Amino acid sequence: MSVPAAAPMLIDLPYKPLVKKALPAGRPRDWYVTHNRRLKAMRLAIALLDSGVHLPDQARNSTIRSTAERVGIHPPSDITCHMVRALMRYSR
C-alpha cells in the first residue's frame, strides 16, 4: 500500500532568524573559528543560490564577496570562499 504524498507547504511568513545560543565552552579556539567559518560559508552559499548562482564555477571570490556585502556579512577570506564553493558542489 502506498502512502499519499504530502501536500506542498506554502511559506508566506517573512523570514525570521533563529535565536542565537551560546556556543559550548571549553573547546579549543580553532574549533570556534572553524565552526563560525562553516556557518558563514553556509549563509553565503544560500544567498548565492537565492541570487541565481547555482554552479560553483560561477561563484568566484569577487562574486562571493559582493554577495556578502549585499547581505551584510563581513567580507570572507579565501578559505571561506573555497568552503562556499565546496558546499555548492556537494549539495548536488
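By convention here, the first residue in the shown sequence is residue 1. In this text, all values refer to a predicted model and were calculated from it rather than measured experimentally.
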Pairwise distance [atom1]([X]) to [atom2]([Y]) - rounded to 0.5 angstrom:
{"X": "Leu39", "Y": "Leu44", "atom1": "CG", "atom2": "CG", "result": "11.0 Å"}
{"X": "His54", "Y": "Asp57", "atom1": "NE2", "atom2": "CG", "result": "14.0 Å"}
{"X": "Thr80", "Y": "Arg85", "atom1": "OG1", "atom2": "CZ", "result": "10.5 Å"}
{"X": "Met42", "Y": "Ile46", "atom1": "CE", "atom2": "CD1", "result": "6.5 Å"}

Check whether any side-chain heavy atom of [X] lies under 4.5 Å from a side-chain heavy atom of [Y], and answer yes or no.
{"X": "Arg43", "Y": "Val71", "value": "no"}
{"X": "Pro76", "Y": "Val84", "value": "no"}
{"X": "Gln58", "Y": "Met88", "value": "no"}

Give a yes or no answer on whether the side chain of Lys40 reaches the backbone of Ile73 with a donor-acceptor pair at less than 3.5 Å.
->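 Checked: no pair found.
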
Before giving the answer on side chain to side chain contact (heavy atoms under 4.5 Å, CB included), spell out for Ser77 and His82 the whole-Å C-alpha distance, their side-chain angles and the decisive distance to 0.1 Å.
-> CA-CA 9 Å; Ser77 65; His82 180 75; over 6 Å; no

Report the C-alpha distance between Arg70 and Ser51 in whole Å, list the side-chain angles of each, state the deciding distance to 0.1 Å, and finish with yes or no for side chain to side chain contact (heavy atoms under 4.5 Å, CB included).
-> CA-CA 11 Å; Arg70 189 174 51 233; Ser51 69; 4.0 Å; yes

Begin with the C-alpha distance, continue with both residues' side-chain angles, and end with the deciding distance and a verdict on side chain to side chain contact (heavy atoms under 4.5 Å, CB included) for Asn36 and Leu23.
-> CA-CA 10 Å; Asn36 289 329; Leu23 292 174; 4.2 Å; yes

Is Asp78 salt-bridged to Arg65, cutoff N-O under 4.0 Å?
->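 Salt bridge present between Asp78 and Arg65.
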
Shortest non-hydrogen separation from Leu48 to Ala59 and the atoms involved =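 Here Leu48 and Ala59 meet closest at CD1-CB, 4.2 Å.
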
